[in-house]
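Letters go in sequence order (proteins before strands), and every chain restarts at 1.
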4 protein chains.
Amino acid sequence: MIRKKEQILTSAIEIINRRGYTGTTMEEIAAELFMTKGSLYYYFKNKSDLLYQCHQFVVFQAIKDLEEILNSEGTAAEILTKMVAIHIEYAIEEKETFNLIMESKQFFNQEQLELVQKLWKNYEQLFAKIISRGIRNGEFQTKEATTARMFILGGLNWIQQWYKQNGRLAKDEIVSLYSDYIIKLLK
Amino acid sequence: MIRKKEQILTSAIEIINRRGYTGTTMEEIAAELFMTKGSLYYYFKNKSDLLYQCHQFVVFQAIKDLEEILNSEGTAAEILTKMVAIHIEYAIEEKETFNLIMESKQFFNQEQLELVQKLWKNYEQLFAKIISRGIRNGEFQTKEATTARMFILGGLNWIQQWYKQNGRLAKDEIVSLYSDYIIKLLK
Amino acid sequence: MIRKKEQILTSAIEIINRRGYTGTTMEEIAAELFMTKGSLYYYFKNKSDLLYQCHQFVVFQAIKDLEEILNSEGTAAEILTKMVAIHIEYAIEEKETFNLIMESKQFFNQEQLELVQKLWKNYEQLFAKIISRGIRNGEFQTKEATTARMFILGGLNWIQQWYKQNGRLAKDEIVSLYSDYIIKLLK
Amino acid sequence: MIRKKEQILTSAIEIINRRGYTGTTMEEIAAELFMTKGSLYYYFKNKSDLLYQCHQFVVFQAIKDLEEILNSEGTAAEILTKMVAIHIEYAIEEKETFNLIMESKQFFNQEQLELVQKLWKNYEQLFAKIISRGIRNGEFQTKEATTARMFILGGLNWIQQWYKQNGRLAKDEIVSLYSDYIIKLLK
DNA sequence: AATGAATGAGGCTTCATTCAT
DNA sequence: GATGAATGAAGCCTCATTCAT
């Protein structure tokens, strides 16, 4: 059943986001899913495989969300702002699994690594697209758009380090500030 | 001898930066230092303690470097540019040990965590200082300087994810581009 | 299988009685049981946990044996004599595991300690019962029965220090002498 | 300096009585004595040697105390009572070092073991003496005095297991009760 | 007499993984 | 599909002991 696997994935993502990857044992993941270690291995070849699939699942979903926005109406700046909102949402809520790219080299094998990086390239491309659209239609001026994009994604991801629920700034205030920074930066 | 401990630290930093923390065993660190595990434990209580001291050592040095620049002559923009260069240097060269703040919660105990975060606050403050100096003398306009600073540091740190020696851009080109982004962003 | 655990327990008791607790490694216990260290840890959380369960197992069995006697027919003196025989049997044959109460504070954690002491209280109570029965029916006269009981148990346990198989006195001669002492002492 | 060694011994005894032998490292003993491990090894060949000397020191002193009493005036019962008081004092106050005979086989090597047991024999002989004196002058009647003596010493030593300062019974009440038991037992 | 430093053997424990049933 | 049991490699850490200075 593909269903079952997806269910496991969803729960596993939630667990890993809560307790971190290295800090969680297969035993614990299984326990929280009310299964045994053995069963987990029926669905996933590896701990690393489980992690890999969690990660891809989340990033894939994020991509879908971004694509939808990318296809909607609006100026580049407007769309970028919405994309920023999405990214921040994932970065905060799916912390561990989403942000695995940061530490991908530590956890994935060669084969996985390539696929992870490929998917992440896709992810980045969506930001690349909207930036170049903005450049084309005169909203943005940056040259070296690639470097700019990477700086921006870094700024966005970093939010994980300091964001606290019920902190001084609400999520949408952050989105608004960050979008401003980004747009300024791109001019 | 305090010297000896410092020697160990320097080497350990180098090793950990190369192989990652989790991926390095005490045995290996000892071996590379031509000592025995036991000796290592004479100087450091723990693996975690060793890591902690490595991290603090690097950050402390970075702070000293930044402070020197902060006390030199120049416009806020000029000084900020130099600071960006320093930060990038550390982020790239001392990758694993410098950037431990990202994963500090996974590796440090409560006591260590507090000290790590304290030192990191000091680090951030140096950037805060130059930004507010720029605001005061009219070079920069940002309100919400704190949030801006965090976005910026995120953007800078992210360089670890993609920088490759002998890549398309040389380190100083990156510094130059990044400084531009940052200054634009702060206007 | 609860059986398996019990099997392990029985063997472990035998080994520990032979080599002492501190002197026995998990490795060795595993080896004698023809298992691997890992398997041992499947059944027991800890070395300390294993020891704890060994101890409780033995004391529990001793209690059962004593209870049976306590419920049999006979004068208090007769029953006490039989109980002395049982106690001596355990003290000699299950030396290390039975007598762990002596050093319980060194080996058990708080939680275990409480349970160990609770079970041992139960054990003592059986002797308390027969003594007070004897007092009630006029066989014994002691006041301060509690203190007397402790003196007696001490005297009994001490046998571990000097008993040697094939020594001058046979086990049942010792039982007979000791019972006499005890009964005299209680008059 | 023999003085120095004796000083160390006295302190070490105190420390070991407080923290137990296995649970105390040479490092800790040295620290409490304001010396370094190295120095400790100047005075004692071994950890086991240190322990051995602590033990012998205490038992030797106890023997001296007992001998003095043995040479004083009084009925056998009177003298025995005083000896009980001494023994209990040592058993309680010098717990770990005095009572090492219980676990001597675990801690001492062959050579030490023989000397330990020899000294302990001396110790026992003092009790043997007073008992046989009592038998000779008609105060006591026991045959199998040796066995009786061992039972008695066991009863006395056991006090360590349950005695609590500020408990229900004061030390001298215990002495009085115990002496009564013993004298009854010997009649 | 004293010490700081180094050593190395040995023990405990964890955990991903496998596999027969 | 599921599970309980077993495995073994690997890592961390402790500590008595030694030794040059």
Side-chain angles (χ1 to χ4, degrees), chain A residues 1 4-5 8 21-31 33-51, chain B residues 1-5 8 21-31 33-51, chain C residues 1-5 8 21-31 33-51, chain D residues 1 4-5 8 21-31 33-51:
Chain A
M1 255 189 289
K4 180 76 181 231
K5 192 163 172 181
I8 296 179
Y21 173 69
T22 319
T24 312
T25 67
M26 289 298 267
E27 184 96 49
E28 287 168 334
I29 293 174
L33 290 166
F34 296 105
M35 7 169 73
T36 58
K37 256 191 292 192
S39 305
L40 215 49
Y41 276 90
Y42 178 78
Y43 292 100
F44 301 93
K45 229 176 63 214
N46 264 338
K47 191 184 179 188
S48 147
D49 180 44
L50 172 60
L51 185 68
Chain B
M1 249 192 292
I2 199 156
R3 269 297 132 83
K4 180 73 183 237
K5 194 165 171 179
I8 298 179
Y21 173 67
T22 319
T24 313
T25 70
M26 289 299 266
E27 186 100 46
E28 288 168 335
I29 293 176
L33 289 165
F34 295 105
M35 356 171 81
T36 58
K37 250 187 304 183
S39 304
L40 216 48
Y41 278 92
Y42 179 76
Y43 292 97
F44 302 93
K45 238 177 53 213
N46 262 336
K47 193 184 176 188
S48 148
D49 180 44
L50 173 59
L51 183 68
Chain C
M1 250 192 291
I2 200 155
R3 267 298 132 82
K4 180 74 182 236
K5 195 165 173 180
I8 297 180
Y21 173 66
T22 319
T24 313
T25 70
M26 290 300 265
E27 186 100 47
E28 288 167 337
I29 293 177
L33 289 164
F34 296 105
M35 359 169 82
T36 58
K37 255 186 300 183
S39 305
L40 217 48
Y41 278 91
Y42 180 77
Y43 292 98
F44 302 93
K45 236 177 56 214
N46 263 335
K47 193 184 177 187
S48 149
D49 180 43
L50 173 60
L51 183 68
Chain D
M1 256 187 286
K4 180 77 181 231
K5 192 163 172 181
I8 296 180
Y21 173 68
T22 319
T24 312
T25 67
M26 289 298 266
E27 184 96 48
E28 288 167 334
I29 292 174
L33 291 166
F34 296 104
M35 9 169 72
T36 58
K37 256 192 292 194
S39 305
L40 215 49
Y41 276 91
Y42 178 78
Y43 293 99
F44 302 93
K45 230 175 62 213
N46 263 336
K47 191 184 180 188
S48 146
D49 180 44
L50 172 60
L51 185 68

Upstream residue (5' side of DNA chain E) when B/T36 and C/M26 are each assigned their closest nucleotide: B/T36
Check every atom of F/dA2, F/dC12, F/dA5 against the side chain of C/Y43 and return the nucleotide holding the closest atom. F/dA5
With respect to the phosphate group of F/dA6, does any side-chain polar atom (N or O) of C/Y42 fall under 4.0 Å of OP1 or OP2? no
Which pair of heavy atoms, one from D/L40 and one from D/A30, lies closest together, and at what distance? CD2-N, 4.0 Å
In whole angstrom, what separates C/Y41's OH from E/dA16's C1'? 18 Å
Would B/S48 and B/Y21 satisfy side chain to side chain contact (heavy atoms under 4.5 Å, CB included), going step by step from the backbone distance to the final call? CA-CA 9 Å; B/S48 148; B/Y21 173 67; 4.2 Å; yes
Does a side-chain N or O from B/N46 land closer than 4.0 Å to OP1 or OP2 of F/dC12, or not? no
In whole Å, what is the span from the CD atom of D/E28 to the P atom of F/dA16? 9 Å
Heavy-atom nearest nucleotide on DNA chain E taken for A/G23 and for B/L40; more 5' hit belongs to B/L40
So, does D/S39 get its side chain near the phosphate of E/dT3, meaning an N or O under 4.0 Å from OP1 or OP2? yes
Take A/Y43 and A/M35 through the side chain to side chain contact (heavy atoms under 4.5 Å, CB included) test and state the conclusion after the steps. CA-CA 11 Å; A/Y43 292 100; A/M35 7 169 73; 4.3 Å; yes
In whole Å, I'd like the distance from the CG atom of B/D49 to the P atom of F/dC13. 10 Å
Please state whether the base of E/dT7 and the side chain of B/K37 form at least one donor-acceptor pair under 3.5 Å? no
Go nucleotide by nucleotide along DNA chain F from the 5' end; which of C/F34 and B/G38 gets its closest nucleotide reached first? C/F34
Go through the N and O atoms of the side chain of C/K47 and the base of E/dT13, and report whether any donor-acceptor pair is under 3.5 Å. no
Tell me whether the OP1 or OP2 atom of F/dT14 has a side-chain N or O from B/K45 closer than 4.0 Å. no
